[in-house]
Enquirer: 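Shown below is the structure under consideration.
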Amino acid sequence: MHIRGIRGAITVQANTAEAILEGTRELLTEMVRQNGVEPDEIAAVLFTCTDDLTSGFPAEAGRALGWSAVPLLTAREVDVPGALQRCVRVLILWNTPRSQEEIAHVYLRDAEGLRPDLTRGARRLRGPLPPGPA
């Protein structure tokens, strides 16, 4: 058994508690679904959000999913000029026998372009990519 990281990110519609929680819950649900994660296998979850998201804690979405025994931590993302705005990033630390190559990383909405190398690799594990540029 190893600890593996599952990466994910999503952009949210607005700087409201509802939008932050809804987007983060959507992302967490998809990360767990694509990887077959059980809550008792999660070692910890780290969340970051961009400086323009100040109305809620993304970690509350984990609590709403019932992850009351999982350590959750929210921090600020580095404020790099020109970087994607209204973005929540997540790193789930997962106890699993899977290899790094078997992990499906999830990027939703405008965050899809952040790590196409991870997203494309993860899609290959779930099936062929649609035709397009390499």
Enquirer: Any sub-3.5 Å donor-acceptor pair from Q85's side-chain atoms to A83's backbone N or O?
Expert: yes

Enquirer: Closest heavy-atom contact between A9 and L114?
Expert: CB-CD1, 3.9 Å

Enquirer: Apply side-chain hydrogen bond (donor to acceptor under 3.5 Å, both in side chains) to the pair T29 and E26, showing each step before the final yes or no.
Expert: CA-CA 5 Å; T29 301; E26 178 184 344; over 6 Å; no

Enquirer: Provide the closest heavy-atom pair for T74 versus C49 in the form atom of the first, atom of the second, distance.
Expert: CG2-SG, 4.5 Å

Enquirer: Hey, are the side chains of L84 and D110 touching, using non-hydrogen atoms and a 4.5 Å cut-off?
Expert: yes

Enquirer: Side chains of L28 and I92: closer than 4.5 Å at any heavy-atom pair?
Expert: yes

Enquirer: Can you find a heavy atom in the side chain of F57 that is under 4.5 Å from one in the side chain of L21?
Expert: no

Enquirer: Locate the shortest heavy-atom distance separating P58 from V88; write the atom from each residue and the value.
Expert: CB-CG1, 3.9 Å

Enquirer: Using side-chain heavy atoms (C-beta onward) and a distance below 4.5 Å, is M31 in contact with V90?
Expert: yes

Enquirer: Going from CZ on R63 to CG on L65, what distance comes out if it is rounded to the nearest 0.5 angstrom?
Expert: 10.5 Å

Enquirer: Please determine whether residues F47 and L108 belong to a single hydrophobic cluster, defined as Ile, Leu, Val, Met, Phe, Trp and Tyr linked transitively by side-chain heavy-atom distances below 4.5 Å.
Expert: yes

Enquirer: Could you tell me whether a side-chain N or O of D52 sits under 3.5 Å from a main-chain N or O of R86, the two making a donor and an acceptor?
Expert: yes

Enquirer: Should R7 and R89 count as side-chain neighbours, where that means a heavy-atom distance under 4.5 Å?
Expert: yes

Enquirer: Would the distance check show the side chain of N95 and the main-chain N or O of E41 forming a donor-acceptor pair, the cut-off being under 3.5 Å?
Expert: yes

Enquirer: Over all heavy atoms of both residues, which pair between S55 and N15 is shortest? Give the atoms and the distance, please.
Expert: OG-O, 2.8 Å

Enquirer: Between R109 and E30, is a salt bridge (Lys or Arg N to Asp or Glu O under 4.0 Å) present by the stated rule, with each step listed?
Expert: CA-CA 13 Å; R109 301 181 188 166; E30 191 61 16; over 6 Å; no

Enquirer: Decide yes or no for L93 and I42: does some side-chain heavy atom of the first lie under 4.5 Å from some side-chain heavy atom of the second?
Expert: no

